[in-house]
Structure formats: structure tokens, C-alpha cells
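Every value quoted in this text rests on a predicted model; they were computed, and no experiment measured them. Here is how names work: the chains are called A, B, and so on, in the same order as the sequence lines, proteins then strands, and each is numbered from 1.
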Number of protein chains: 2
Amino acid sequence: MKKPLVVTVTGAAGEIGYAITPSIAFGAMLGEDQPVTLKLLEIPAALPALEAVKMELFDCAFPLLQEVVITDKPEVAFKDCDAALLIGSRPRGPGMERSDLLEANAPIFVEQGRAINDHASRDVKVLVLGNPANTNALIASSNAPDIPVTRFSAMIRLDHNRAVAQLAYKTGVSAAEVSKVIIWGNHSSTQVVDVHYAEIGGRPALELLDVEWVQHQLIPEVQNRGARVIKLRGKSSAASAANAAVYCMRDWFGSTPPDDWVSMALASSGQYGADEGLFYSMPVIVEDGDPRVVEGLALSDTCHQFLQVTLDELRSERDAVRKYL
Amino acid sequence: MKKPLVVTVTGAAGEIGYAITPSIAFGAMLGEDQPVTLKLLEIPAALPALEAVKMELFDCAFPLLQEVVITDKPEVAFKDCDAALLIGSRPRGPGMERSDLLEANAPIFVEQGRAINDHASRDVKVLVLGNPANTNALIASSNAPDIPVTRFSAMIRLDHNRAVAQLAYKTGVSAAEVSKVIIWGNHSSTQVVDVHYAEIGGRPALELLDVEWVQHQLIPEVQNRGARVIKLRGKSSAASAANAAVYCMRDWFGSTPPDDWVSMALASSGQYGADEGLFYSMPVIVEDGDPRVVEGLALSDTCHQFLQVTLDELRSERDAVRKYL
């Protein structure tokens with residue numbers, strides 16, 4: 001049997017945590033032959049609910065689940081961690097500006113970055129879901145100087161999957177037949193949905209789709225979908241966010257499918273005009289756990305303009321949290 | 001590619017429905033090579049929330065998911081259904097007696113039984129989770145005279161898994177090493193947790209466990225665990241119930257592991273003194289989709305006494321809903 005991997009989940013008693021922890025223990029994320037130990041972090045007030053999460057994980061009798069540790073201490077949660085899902089964050093309250101949200105979350109990701117630096121496995125993979133995810137990933141990685149920045153990512157996969165699903169639905173194919181979608185930039189409303197390179201059943205998507213539909217239906221649909229889900233269920237997307245994290249980590253620990261890529265927000269090393277170090281979503285191919293940005297794609301002038309907007313947003317977020325970096 | 005199977009889920013916008021539908025679409029229940037169509041039933045008031053469930057399933061971009069149908073009409077939900085999870089039921093309200101609960105739920109399962117009879121695939125498999133599950137299964141199957149009664153079951157797997165997990169934890173092994181646990185009778189507080197035949201790592205459990213611990217720790221823990229989870233999280237078990245249903249259906253559509261059995265509440269044909277037709281949990285071996293009760297196990301006098309209590313409860317439940325059968 002393989003050596004167990006330690007998976008750390010923060011905010012684990014929240015809705016996404018409740019959805020994702022059984023999937024991980026079942027084997028959906030790291031494979032049905034990979035034993036796992038779960039280390040679950042919460043704020044002290046949520047520890048009773050987290051105890052219930054632990055009980056239920058236990059009651060699933062998962063063959064792969066070795067142990068469940070629950071704690072409110074980052075140094076315990078990140079001890080020997082191989083994969084970390086940073087889900088917990090302060091939500092945006094009434095009257096809060098984006099700058100207030102950045103300020104409220106920064107200390108959380110400073111503390112967790114330091115704990116990862118001091119206690120996690122040296123080849124840990126860290127996926128940040130808590131918003132503003134890209135800048136929180138920047139803060140966490142900046143506070144983990146001993147861990148390569150390539151070990152951090154901010155999640156854009158839900159947006160990616162939403163775009164894939166819309167293309168599949170529109171053309172009447174399975175999601176598995178849609179490839180090479182790109183979400184560029186920030187996981188925010190400035191994200192850029194790009195189907196120029198997308199293929200559907202191996203054919204260029206733009207041969208099958210009307211440009212009007214792409215601009216006026218697809219892109220707004222992907223951008224506004226989260227808000228529509230909240231309106232209908234009274235709570236934000238949890239199951240689909242958990243699933244996106246599972247698929248993102250599965251690809252990151254393994255390989256992306258042949259002739260395809262996924263969108264991942266990695267620390268830029270200057271590709272596509274993004275400032276070095278900014279967490280910027282780009283098309284990424286993963287081979288045996290090693291992600292590589294797909295470089296040199298030609299972009300339209302319009303696309304360039306939109307990329308500038310999302311880049312400027314990421315710069316202003318970085319500037320707002322400069323003292324935490 | 002295999003022909004898609006239709007999976008119907010009732011109460012699909014509830015907590016268990018929200019947890020189980022992505023698992024099914026991911027392939028956890030029927031296999032990662034089995035395409036599925038989901039048909040989701042809710043009461044009219046829950047249709048907006050169900051629309052959000054559909055949107056999120058869509059946003060997961062599951063390669064196996066062919067279609068999601070949402071409806072408040074049983075005849076639509078059960079059309080061509082191959083696997084049905086009857087989760088939705090009226091919960092027990094303040095001041096409700098068990099007889100009130102039976103009465104409140106009976107019409108739901110009459111209607112669904114009829115819809116299954118008239119619209120489902122002839123070899124459908126129906127798992128009832130909505131409580132009182134055993135008697136609801138009796139009502140549904142009684143109202144589906146054209147479907148063999150062997151196609152219905154009430155879920156006891158969560159209790160089974162809870163007992164397995166306790167034995168594994170107590171003896172420091174993986175849940176995969178615990179076999180031949182039995183939960184007898186009704187999915188209620190009268191259920192009988194039986195470890196006489198249980199094995200841990202191939203050795204008889206009773207050689208490894210203290211009888212005092214079994215009687216005074218294990219059995220009350222399994223019986224009261226649901227209430228403890230409710231107290232801690234303020235809501236009843238959802239993730240672990242969903243997982244139990246996934247595992248139960250996976251075994252039922254496939255085979256139970258070699259040298260093991262699972263507990264399933266099937267319509268008795270008189271085994272172990274249960275009245276013919278009552279849905280009574282027993283040890284069951286499944287081979288290629290075909291469940292068979294393990295017969296002829298010798299039971300202790302004490303076990304016999306407990307079985308009488310759970311049997312009497314099931315008889316009184318049946319008598320209370322006689323007019324619906």
C-alpha cells in the first residue's frame with residue numbers, strides 16, 4: 001500500500017469543506033489507491049461543527065482514510081502536509097469594500113503561509129480557494145520563503161469548468177469533448193473567458209459557435225453564474241467549488257489529459273505581460289505533477305485589452321496588501 | 001461507451017441530495033465508465049433551490065453526466081429510471097408521534113411507488129432513505145405490483161458503516177479490514193448491532209474485543225451517533241448518509257467484497273423469523289447485481305430477544321399503514 005498523504009483543509013466545517021472532505025477521503029482527488037490523513041483547521045467557534053464533520057467522515061468507513069485531525073492551530077493542521085486546500089476566509093460583509101476584504105483576510109494567509117513554511121512537506125501543493133484567492137495565494141507564498149512559489153496556486157477551475165460546461169451544452173456534446181478553454185487573470189469579475197483556442201470534439205470551437213453568442217451569452221453567463229446560484233439557493237456554490245478543487249488537485253498531482261490544458265492561477269514569471277510573482281491564471285499543462293504554463297499563444301487586440309484590466313486589478317490588490325508580503 | 005443509466009433522486013435539493021448528486025455524476029456510485037442521467041424530484045416550493053443544484057452539477061463539467069432533469073412530477077422523475085434514491089420525506093415535527101410520522105409519509109411513498117410501477121425500468125433498483133425507511137419501502141413496493149419486491153430496499157448502510165468504523169478505530173485497523181458486521185431489523189433505535197460473526201483482519205472480532213465494550217460502548221454509540229451529530233452541527237447527518245447510499249448502491253449494482261457481506265433491509269421471505277414481506281435488515285451477499293440473504297446463521301438467545309423487539313416494531317408500523325398497502 002502507498003504511504004498515506006496528508007491533506008490539510010482550512011475552513012473545513014464550512015459548506016465547501018463539508019462537501020470536499022468526503023470526496024478526498026473517498027479517493028476522488030488523489031486516487032482510489034492512495035491512503036490519506038485529513039488535517040482540518042477551523043476557527044475556535046467552529047470546532048464543535050468540525051467535530052461533527054470528523055464523526056461523519058469516520059462513519060463513512062472509507063477504506064483509504066487513515067486519520068482525521070481537527071484543530072484550530074495552523075502549526076498542527078499543516079504538520080507534514082502534502083496537499084493543502086486553503087478554503088477558509090473572511091466573507092465580504094455588508095458595506096465592506098474590496099480593500100476591506102483584502103485587509104481582513106491578509107493576516108489569515110500570513111499566518112497560514114508561515115505555518116506551511118515551518119511545518120509542511122517540502123513539496124507541498126497549496127491551492128487557495130478563499131477570496132480574493134489570487135492575492136491570498138500571493139500573501140501565503142510570500143510568507144513561505146522556504147517553499148518554492150511554484151507550489152502555490154489560486155483556484156480558477158470553477159470558472160474554467162463553467163465555461164467548458166456551457167460550450168458542451170451549447171453544442172450538445174459531453175464536457176469531456178471540450179478542450180483548451182482558457183480563463184485568464186484574476187478570479188474575479190475581471191476574469192477573461194477565452195475560447196479562441198477551444199476545441200469541441202477536436203474542431204475549433206469558433207467554427208461551431210456564433211461570436212455574438214460567445215460575447216453576449218457565454219462570457220456574462222460564466223461571470224455571473226456564482227451570483228445566480230446564490231440567488232436561487234441562498235448560499236454560494238459549494239458542491240461545484242469542491243468538485244473544481246478536486247479536479248484541479250487531481251490534475252496537479254497527476255497529468256492533464258492529452259491535447260488539453262487547464263486554467264490555473266500560478267505565480268507569473270512574466271508570461272503574457274503579467275508582473276513576475278502575481279498569481280495570474282493562464283493555460284497550464286501538467287505532466288506527472290509538474291505544471292508548465294503554455295507560452296507563446298497569440299492573443300487578439302480585444303483579448304489584450306481585457307487582460308490589461310484584470311492585470312491592473314491584480315496590481316492594485318497587491319499594492320493594497322504590500323505590507324504583508 | 002456504455003448506455004447511460006437513469007438515476008432518480010427525490011428530495012434532491014435537501015442536504016443529502018446536495019451531497020449525493022455530485023457523487024453520482026462523478027461516477028462514485030455506478031463506476032467511472034458509466035454515463036448517467038439524473039432525474040431530480042422535489043416539492044414545488046423547493047424547485048428554485050433544485051434549479052441551483054442543477055446549475056452546480058452542470059458547472060462541475062462531469063464527463064459522465066448526460067443530462068439533468070428537474071421536476072415536481074413523479075411520473076417525469078421516474079421515467080425509465082434504473083436506480084432510485086427515495087430521500088425526500090416529511091421530517092418529524094414537534095409533538096409528532098411515530099404514528100403521525102408514518103401517516104404523514106405514507107401518501108408520498110404510495111404516489112412514488114405507483115410512479116415507479118408505471119414509468120421506471122423493469123429492473124430498477126430502489127433504495128429508500130426517507131424515514132421511517134423500512135415501512136416507507138414497504139409502502140412503495142406494495143404500490144408497485146409490477147416490479148419485483150426484490151428491487152426495493154431500505155437503507156441500513158449508515159448504521160452498518162458506523163459499526164464498522166467503530167470496530168476499526170477500536171482495534172487500530174483500516175475499515176477495509178473489518179468484515180461481517182450485521183445490523184438486524186429496523187432502521188430505528190431498535191436496530192440490533194451484531195458483531196458475533198464480525199472479523200477484524202481475518203480474526204474473529206470477539207477474540208479482540210471486550211464484551212463489556214461491545215454492549216456498553218459500541219452498541220449505544222452506533223444507536224446514538226445520529227443524535228450526537230445533530231447536536232454538534234445543528235443538522236442531521238448528510239455527507240455520511242449520502243456516502244452510505246453510494247456504497248450500498250455500488251454493491252447492489254456490482255458485488256459485495258469476497259468473504260464479506262453487507263447489511264441491507266430487503267423484503268423478508270421469512271428468514272430469521274421475520275414476517276414475509278416486512279423490510280428487515282439482514283446480512284446480504286451481492287453477486288453481479290443479485291442480492292441474496294445469508295441464511296442459517298445461529299443466533300444467541302440475547303440476540304433473539306432483541307430481534308423480537310425490532311420485529312414487533314416493524315409489525316406495528318405495518319399495521320399503522322395497512323390501508324396504504
With respect to chain B, which residue among [options] yields the maximal number of heavy-atom pairs within a distance under 4.5 Å?
| options | answer |
| --- | --- |
| A:Pro63, A:Ala165, A:Ala175, A:Cys60 | A:Cys60 |
| A:Gly234, A:Ala28, A:Ala52, A:Ala176 | A:Ala52 |
| A:Ser237, A:Ala242, A:Ser174 | A:Ser237 |
| A:Glu67, A:Arg250, A:Gln66 | A:Arg250 |

Can you tell me how far the CZ atom of B:Phe58 sits from the CG atom of A:Asn161, to the nearest 0.5 Å?
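Going from CZ on B:Phe58 over to CG on A:Asn161, the span is 12.0 Å.
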Drop me the distance from A:Leu232's CG to B:Glu56's CD, to the nearest 0.5 angstrom.
10.0 Å
Contacting moiety of [X], where chain A heavy atoms sit under 4.5 Å:
| X | result |
| --- | --- |
| B:Pro22 | side chain |
| B:Ala244 | neither |
| B:Ala238 | both |
| B:Ala46 | neither |
| B:Val164 | side chain |

Based on non-hydrogen pairs under 4.5 Å, which of B:Ala239, B:Ala241, B:Ala49 is most in contact with chain A?
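Of the candidates given, the most pairs with chain A belong to B:Ala239.
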Do side-chain atoms of A:Asp59 reach the backbone of B:Ser240 as a donor and acceptor pair under 3.5 angstrom?
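Here the side-chain-to-backbone pair does not exist.
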B:Tyr247 side chain to A:Ala61 backbone, donor-acceptor under 3.5 Å:
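Checked: no pair found.
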The single option from B:Arg162, B:Arg233, B:Arg225 passing side-chain contact (heavy atoms from CB on, under 4.5 Å) against A:Met55
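That would be B:Arg225.
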Please classify the contact between A:Glu32 and chain B as side chain, backbone, both or neither, with a heavy-atom cut-off of under 4.5 Å.
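Only the side chain of A:Glu32 comes within 4.5 Å of chain B.
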Identify which part of A:Ala168 has an atom lying under 4.5 Å from any heavy atom of chain B, answering side chain, backbone, both or neither.
neither
